[in-house]
Amino acid sequence: MPASPSSSAQAARRAVAARLRELMLDAGLNGQQLAARCGWHESKTSRILNARKAPSEDDIRAWCAACGADDQVPDLIATARAVDSMYLEWRRLHRGGLTCTQKQSLDRYESTRLLRVYASNVVPGLLQTPAYATALLSGITRFKGYADDVTDAVAARVARSRFLYEGGHRFVVLLEESVLRYRIGDAAAMAGQLRHLLTVMPLPSLSLGVIPFAAERAVWPLEAFYLFDTASCTVETLTAEISVTQPRELADYAKAFSELSQMAVHGEAARHLITGAVEALA
């Protein structure tokens with residue numbers, strides 16, 4: 001199981017640090033000597049080597065120059081940029097509001113043949129109603145202090161639902177039963193969202209499962225994650241979106257999804273849990 005949703009990004013940072021250490025040692029330098037050649041304090045060298053500080057592109061150029069390894073600059077900078085893209089802070093993604101990110105996700109959904117979604121907190125955007133999405137995105141905007149573009153962001157998010165009706169896409173969604181009970185918006189918005197789940201369940205493009213509260217856990221509740229084909233996995237945390245691309249970790253998330261699937265109920269049993277959640281709102 002993945003130890004942390006940020007483990008891929010941190011592992012990649014350590015890999016960059018290890019390559020820089022090798023260059024330093026190959027040049028016959030220690031940390032103090034390298035710092036002197038680069039013109040910075042040796043504590044900065046230590047932070048970079050221990051992956052506590054990500055080197056800037058200028059840092060990489062200076063480091064390689066100090067080690068007589070200018071030919072390594074392009075590859076190291078490309079690697080560092082890839083690491084940076086793995087861990088995207090929500091504040092940076094949403095600096096101008098939520099709409100841009102919602103629109104960008106449409107291209108990714110369109111190119112994905114199989115999307116596997118595990119949701120432990122809210123209904124996935126693909127299945128959200130406008131009222132539910134409005135309540136959710138309004139809360140995020142208020143909490144994070146983003147520019148208020150909720151109306152446009154909701155329209156962009158709800159637009160994802162068209163892929164349920166277009167050929168060539170397959171969606172396998174697992175919800176913890178808690179998702180059916182966490183109230184996002186008022187009772188009417190929540191009831192409408194739950195009824196929408198009942199409406200889309202029969203679609204041939206969608207497999208919807210619910211993991212009951214009473215299920216014996218082979219896998220503990222995890223952070224929400226999205227497996228896009230076999231190429232990448234997006235993990236959502238409070239402060240960041242983590243993009244997992246390492247084959248080993250992709251295999252972990254695929255294994256987790258498979259084992260979570262075995263705990264889920266489908267068909268009439270899932271409908272019963274959703275209906276029960278609707279009735280509880282009355």
Exercise for the section: Please identify each residue that fulfils salt bridge (Lys or Arg N to Asp or Glu O under 4.0 Å) with Arg61, with sequence neighbours left out. Expected result: Glu57, Asp58

Handout entry: Donor-acceptor pair, side chain of Ser258 and main chain of Ala254, under 3.5 angstrom
Key = no

Practice task
Give a yes or no answer on whether the side chain of Gln33 reaches the backbone of Asn30 with a donor-acceptor pair at less than 3.5 Å.
Solution key: yes

Problem - ring-ring contact (aromatic ring centres under 6.0 Å, His included): pairs with one or both residues in residues 156-201, sequence neighbours excluded - result: Phe163-His169

Exercise for the section: Any pair with a residue in residues 34-70 that passes ring-ring contact (aromatic ring centres under 6.0 Å, His included), sequence neighbours left out, goes on the list, sorted by first then second residue, please. Expected result: none

What residues form a side chain to side chain contact (heavy atoms under 4.5 Å, CB included) with [X], not counting sequence neighbours?
X	value
Ala159	Leu106
Ala189	Ala131, Asp186
Glu42	Gln32, Ala35

Exercise for the section: For side-chain contact (heavy atoms from CB on, under 4.5 Å), just list the numbers for Ile242 and Glu223, CA-CA rounded to whole Å, side-chain angles, deciding distance to a tenth of an Å, and then say yes or no. Expected result: CA-CA 11 Å; Ile242 312 300; Glu223 64 283 342; over 6 Å; no

Exercise for the section: Using the side-chain contact (heavy atoms from CB on, under 4.5 Å) rule, take Trp220 and Leu222 through it: C-alpha gap first, then chi angles, then the decisive distance, then the call. Expected result: CA-CA 6 Å; Trp220 56 97; Leu222 302 173; 3.0 Å; yes

Practice task
Go through the steps to decide whether Leu23 and Cys64 satisfy the test side-chain contact (heavy atoms from CB on, under 4.5 Å), and finish with yes or no.
Solution key: CA-CA 7 Å; Leu23 292 179; Cys64 290; 4.0 Å; yes

Applying side chain to side chain donor-acceptor pair (under 3.5 Å), can you list everything that pairs with [X], at least two apart in sequence or on another chain?
X	value
Arg181	none
Ser178	none
Lys53	none

Handout entry: Heavy atoms from other residues, nucleotides or ligands near NE2 of His272 exceed 12 (cutoff 6.0 Å)
Key = no

Exercise for the section: Check whether any side-chain heavy atom of Tyr118 lies under 4.5 Å from a side-chain heavy atom of Ser261, and answer yes or no. Expected result: no

Practice task
Flag the pair Pro124 / Leu175 as yes when at least one side-chain heavy-atom distance between them is below 4.5 Å, and no otherwise.
Solution key: yes

What side-chain donor-acceptor pairs closer than 3.5 Å can you find for residues 274-282, not counting sequence neighbours?
residue : atom : partner : partner atom : Å
Thr275  : OG1  : Arg271  : O            : 2.8

Less than 3.5 Å apart, which donor and acceptor atoms pair up between the side chains of residues 224-233 and the rest of the protein, not counting sequence neighbours?
residue : atom : partner : partner atom : Å
Asp229  : OD1  : Arg113  : N            : 3.1
Asp229  : OD1  : Leu114  : N            : 2.7
Asp229  : OD2  : Arg113  : N            : 3.3
Ser232  : OG   : Arg108  : NH2          : 2.5

Exercise for the section: Carefully, step by step, assess Arg183 and Gln193 under the rule side-chain contact (heavy atoms from CB on, under 4.5 Å). Expected result: CA-CA 10 Å; Arg183 187 176 296 190; Gln193 176 62 72; over 6 Å; no

Determine all donor-acceptor pairs shorter than 3.5 Å in which one atom belongs to a side chain in residues 198-218; sequence neighbours excluded.
residue : atom : partner : partner atom : Å
Thr199  : OG1  : Arg195  : O            : 3.0
Ser205  : OG   : Leu164  : O            : 2.6
Arg217  : NE   : Val219  : O            : 2.9
Arg217  : NH1  : Glu176  : OE1          : 2.9
Arg217  : NH1  : Glu176  : OE2          : 3.3
Arg217  : NH2  : Glu176  : OE2          : 2.8
Arg217  : NH2  : Val219  : O            : 3.1

